[in-house]
Every structure is written in C-alpha cells, then in structure tokens.
Amino acid sequence: MFQGMSAAHVSSYYSHTSNDETRYPQLEERLAADVCIVGGGFSGVATALSLAERGFSVVLLEAHRIGWGASGRNGGQMIAGISGEHCVERQLGEDGRRLLKDIRYLGHEIIETRIAKHAIACDLKYGWAEVAARPRHMAGLCSYIEERIKAGDGDHLEIVEASGIEAVVGSRAYHGAMIDRKSGHLHPLNLCLGEARAAAVQGVKIFERSPVVSFGGGVRPFAETAKGRVEAASIVLAGYADPALQRGALSGLVFPTGSYIVATEPLPERVAREIIPQDLAIADSNVVLDYFRLSADRRLLFGGRANYSNRDPRDIRATLKPRMVEVFPQLRDVALDFAWGGKIDIVLSRAPAIGRLEPNVYYMQGYSGHGVNTTHIAGEVVADAISGTMERLDTFERIRQIRLPVGQFLGSQLLALGMLYYRLRDIL
C-alpha cells in the first residue's frame with residue numbers, strides 16, 4: 001500500500017480509462033465475519049473472491065480505494081512464475097522445483113477464469129518477451145528454456161536470436177529474446193475493479209477509506225479502524241501494510257521501491273507495428289530493468305528507472321523520456337500524455353513472503369515486480385490454508401527471508417547502494 005489517504009486513484013493512463021466507478025462505503029460499525037482482509041489491491045481482492053466462492057463470509061478493508069496502490073498503477077505485465085525462483089530452488093531443492101512448476105501459471109489461470117466468468121473487460125492479450133540487454137544475457141535465457149523443456153513445461157517458449165530481434169522489438173538496443181506465449185499483458189486497474197465487483201456480488205463486504213490502525217490474533221482475532229471494528233476467525237494482511245503494522249516476521253522484511261511509467265499519445269498503427277510488431281509485453285534482462293508494452297489504444301507504456309532510495313523524481317517525464325528515446329529513437333517527437341509512479345514492495349530474497357504471524361493471522365507481500373500473477377497465486381495459497389489445505393503455505397513458510405535489523409529509512413539506503421552496484425554492472 002501507499003501512505004496517505006485519498007478518495008481518488010492517482011492520475012494515470014489507467015485511472016483515465018477505468019471502466020468501473022463503484023464506490024464502497026467507509027466502515028463505521030462493528031462486524032463479524034469468517035475472514036477479515038486488510039488491503040484492497042490484487043492480493044486482498046483475489047483472496048476475498050477465492051474465499052467467497054468457497055462459502056466464507058468475508059470483510060475487506062481498504063485504506064484508500066480498491067486498486068489505489070501498485071495493483072492499479074503497475075506495468076500490466078502478466079508474467080509467469082514468481083520472482084526469486086533461484087532462491088526457492090536453492091533453499092528447497094526438489095520441493096522448491098515442484099512448487100514452482102505447480103504454481104507457474106496458476107495466477108494466469110485464475111485471472112483468465114475470472115475474466116471469462118465475470119465478464120471483466122481489461123484488455124487481456126497474450127505474449128511476453130524478455131529481451132537481452134547484453135549479448136552475454138542470451139546464455140541465461142537459453143539455459144532457462146532448456147531447463148523448462150526438460151521439466152516438461154516449456155513447449156510454448158521460444159528463443160529469438162539477435163538476427164531476428166526486429167520481429168520482436170523495433171530497437172537496436174537488444175541482442176535477442178525469449179518469448180512466452182502463455183504470459184501477456186492487461187489493464188491492471190480494470191482487472192482489480194472487476195474482481196472486486198465480482199467479490200461484492202458473491203457477498204464480500206468491501207469498505208474503502210478504512211485504514212486499519214490495529215489488529216490481533218489469538219482467541220478473538222480482530223482488525224480495527226478509526227470508526228469500526230471487525231472480529232473474524234482469521235485475519236489476512238494482503239499486500240504491504242502501513243509501516244506501523246509491520247511487526248514480528250514482517251519487521252525489516254519489505255522495502256518499498258519507486259517505479260515509474262509514461263504513456264505516449266496514441267501512435268499511428270504503422271509506428272506501433274514497427275516498435276512492437278507482435279504486440280508483446282516486453283521487459284529487458286537487466287537487474288534494474290525497463291519494461292514496456294502497447295495499450296489497447298496503441299499508446300506505448302514505458303516504465304522503469306526503479307528508485308531504491310525512496311526519492312521520487314521531480315519530473316517523471318523528464319526522467320523517463322531520454323531512456324525511452326534511447327530505446328526507440330523514432331519516438332523522439334512523440335508527446336507523453338500521462339506520467340505516474342508508485343511503490344512496489346521488494347524483499348531481499350526476491351521470493352514472495354507468504355506465511356503466518358500467528359496461526360490465524362496470515363500475510364502476503366514482497367512480489368518484487370511480479371505482482372499481477374503472484375498476487376493471485378498468493379491469494380489462492382492463503383485461501384487454501386484457511387480452508388484447511390496447508391501444503392503450499394507450509395512450503396512458502398520454509399523459505400528463509402532476509403530481514404535487515406534497521407529502520408526502513410536506513411534499510412532503503414542500504415538497498416539503494418546494493419542496487420547501484422547492479423545498475424553499474426548492467427551498464428559495464
């Protein structure tokens with residue numbers, strides 16, 4: 001989540017093209033439910049809908065508006081798997097590899113099913129590519145595909161050599177690519193709003209402008225706001241919560257990191273086909289990466305320049321346009337109609353943190369840039385656990401997360417220094 005309380009979504013391409021103006025009330029009463037979910041982004045909404053479909057009574061509390069944070073501002077790239085897969089394999093061995101294969105496209109399947117079942121209009125398109133920012137990065141992409149094919153789930157993956165890169169992206173900045181035809185891109189805010197609408201139809205009680213000020217587990221779990229209180233058998237902290245609520249296993253775990261996006265004016269069809277011929281979502285192979293795709297109305301959405309020190313740029317357009325033009329010189333004179341940013345939650349292991357603070361208090365956070373897919377995986381893992389199936393949650397809880405025993409400000413500066421090293425390595 002993001003600090004500060006707002007009644008409106010941040011100004012962005014997504015907020016200007018949202019197709020659902022539903023407003024939910026503020027909590028001003030005392031309620032009881034089977035489950036109380038704190039957070040109205042993808043994590044909370046996906047979990048709420050999964051639980052409601054299983055017959056649980058659910059209350060969802062959002063500090064701002066549904067989809068207000070990263071879920072409604074991100075790059076809209078639906079990427080397979082989770083961040084930090086090497087960490088999972090290294091720590092858990094065969095159990096980790098089995099988990100990764102089991103969940104790799106689980107989030108996609110949940111999203112696809114809900115779009116069809118609930119008629120959610122969110123511009124879903126298939127096809128995602130990782131492009132090699134350096135010639136040496138191709139070896140890693142090829143190795144990844146070989147591993148996936150050996151594991152039996154790589155038939156939809158393909159390598160494009162440098163000689164054929166123009167069929168993927170109209171830029172001389174890249175040296176080959178890996179394409180995943182089962183991944184893709186979409187309008188994230190419209191997906192989140194559509195899932196919330198479906199959850200409300202299923203009976204979930206949703207409250208906006210209702211930040212949680214305290215919560216607890218034990219014999220009588222609860223979540224309390226300034227004007228109301230929910231008592232429930234289980235509490236779910238869905239996504240990054242206010243720092244005041246980050247305690248116990250969550251202390252020193254997550255570091256909010258700035259990421260920024262610009263959207264061009266609508267491009268002529270000829271230009272759109274030239275820069276991204278197959279209408280893929282694209283991310284480069286750098287650690288501090290660029291990511292981009294075309295919107296449904298042929299705008300280039302170009303993001304990146306992650307800021308790990310928590311200091312936002314004074315002018316997002318001025319920060320991102322030089323890099324966009326470096327990648328696509330043909331867009332030098334194109335206007336930027338929208339510019340926005342926000343925080344993504346980074347954990348040092350890069351593997352998502354999904355677990356329990358207490359037997360009846362669950363948390364999910366730390367998606368490290370893979371939020372569209374991973375949030376839906378996390379929601380299903382926690383919904384399974386609350387329903388009595390603990391296997392996946394138990395496996396995630398075995399992942400050893402790195403926590404810094406310092407305050408968030410100092411931790412962010414240490415993280416910034418570490419990422420500066422990787423940025424220099426990317427350049428050199």
Side-chain angles (χ1 to χ4, degrees), residues 42-43 46-47 50 77-113 126 128-130 132 136-159 177-184 249 253-254 283 285 287 289 345-356 362-385 387-403 422:
F42 278 139
S43 297
T47 308
S50 288
Q77 301 204 5
M78 188 177 75
I79 306 170
I82 60 175
S83 186
E85 290 192 355
H86 290 302
C87 169
V88 176
E89 289 186 357
R90 185 174 63 251
Q91 290 193 25
L92 304 184
E94 186 56 38
D95 286 348
R97 284 185 285 275
R98 189 180 304 113
L99 173 69
L100 293 173
K101 183 176 181 180
D102 185 38
I103 66 173
R104 183 162 284 121
Y105 292 98
L106 175 61
H108 293 35
E109 293 162 5
I110 294 168
I111 290 168
E112 291 159 0
T113 298
Y126 289 96
W128 175 83
E130 181 172 349
R136 68 178 184 273
H137 294 176
M138 283 297 291
L141 297 180
C142 291
S143 175
Y144 176 75
I145 287 186
E146 289 170 5
E147 291 173 5
R148 293 280 301 279
I149 290 174
K150 189 181 300 184
D153 68 342
D155 292 345
H156 53 282
L157 303 175
E158 61 189 84
I159 281 288
M178 175 194 73
I179 299 177
D180 181 347
R181 299 290 179 186
K182 287 177 67 174
S183 291
L253 174 63
V254 171
S285 57
V287 175
L289 76 163
D345 48 338
I346 297 289
V347 290
L348 296 186
S349 73
R350 293 302 177 109
I354 306 172
R356 291 166 292 180
Y362 301 81
Y363 63 84
M364 54 182 88
Q365 56 184 239
Y367 308 118
S368 301
H370 279 236
V372 175
N373 176 51
T374 310
T375 48
H376 289 78
I377 295 170
E380 200 70 3
V381 168
V382 170
D384 283 347
S387 301
T389 303
M390 302 293 296
E391 182 179 359
R392 286 174 178 161
L393 182 70
D394 288 343
T395 304
F396 270 104
E397 288 192 310
R398 288 169 53 198
I399 300 171
R400 297 184 302 278
Q401 298 288 352
I402 302 169
R403 295 172 177 81
Y422 283 109

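The distance from atom CG of L393 to atom CZ of R356, rounded to the nearest 0.5 Å, is 5.0 Å. One finds the CD1 atom of I79 at 8.5 Å from the CG atom of N373 (value rounded to the nearest 0.5 Å). Taking NE2 from H86 and OH from Y144, the interatomic distance works out to 8.5 Å, rounded to the nearest 0.5 Å. To the nearest 0.5 Å, atoms CD1 (I179) and CG (L141) are separated by 11.0 Å. Taken from CD1 in I346 to CG in L253, the straight-line distance is 11.5 Å, to the nearest 0.5 Å. Atom CD in E146 sits 12.0 Å away from atom CG in L157 (nearest 0.5 Å).
Ring to ring, Y126 and H156 are not that close: their centroids are 6.0 angstrom or more apart.
Looking at Y367 and S43, their side chains do bring a donor and an acceptor atom within 3.5 Å of each other. The closest side-chain donor-acceptor pair between S285 and E130, if any, does not fall under 3.5 angstrom.
By the salt bridge (Lys or Arg N to Asp or Glu O under 4.0 Å) test, E112 is found to be paired with no residue, residues two or more places apart in sequence or in another chain being considered. In terms of the salt bridge (Lys or Arg N to Asp or Glu O under 4.0 Å) criterion, residue partners of R398 (sequence neighbours excluded) are, by chain and number, D95. For E380, the side chain to side chain donor-acceptor pair (under 3.5 Å) partners two or more places apart in sequence, or in a different chain, are S50, R54. E158 is linked by a side chain to side chain donor-acceptor pair (under 3.5 Å) to R181, counting only residues two or more places apart in sequence or in another chain. Contacts of E391 classified as salt bridge (Lys or Arg N to Asp or Glu O under 4.0 Å), with partners at least two apart in sequence or in another chain: none. Residues that satisfy the side chain to side chain donor-acceptor pair (under 3.5 Å) test with S183, not counting sequence neighbours, are H108, D180.
Within the 4.5 Å cutoff, the side chain of M78 has heavy atoms near those of the V372 side chain. The shortest side-chain heavy-atom distance between I377 and I354 does not fall under the 4.5 Å cut-off. Between L92 and T395 the shortest side-chain heavy-atom distance falls below 4.5 Å. Between M178 and W128 there is a side-chain heavy-atom pair separated by less than 4.5 Å.
When each of R98, R104, K101, R97 is paired with D153, the salt bridge (charged side-chain N to carboxylate O under 4.0 Å, His left out) condition holds for R104 and for no other.
The heavy-atom pair separating H370 from A80 by the smallest distance is ND1-O, 4.1 Å. Between V347 and V254, the shortest heavy-atom contact is CG1-CG2, 3.7 Å.
Under the 30°/60° scheme for interplanar angles, the aromatic rings of F42 and H376 are found to be tilted.
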Checking M364 against V381 for the side chain to side chain contact (heavy atoms under 4.5 Å, CB included) test, could you report, in this order, the C-alpha distance in whole Å, the side-chain angles of both residues, the deciding distance, and whether it holds? CA-CA 10 Å; M364 54 182 88; V381 168; over 6 Å; no

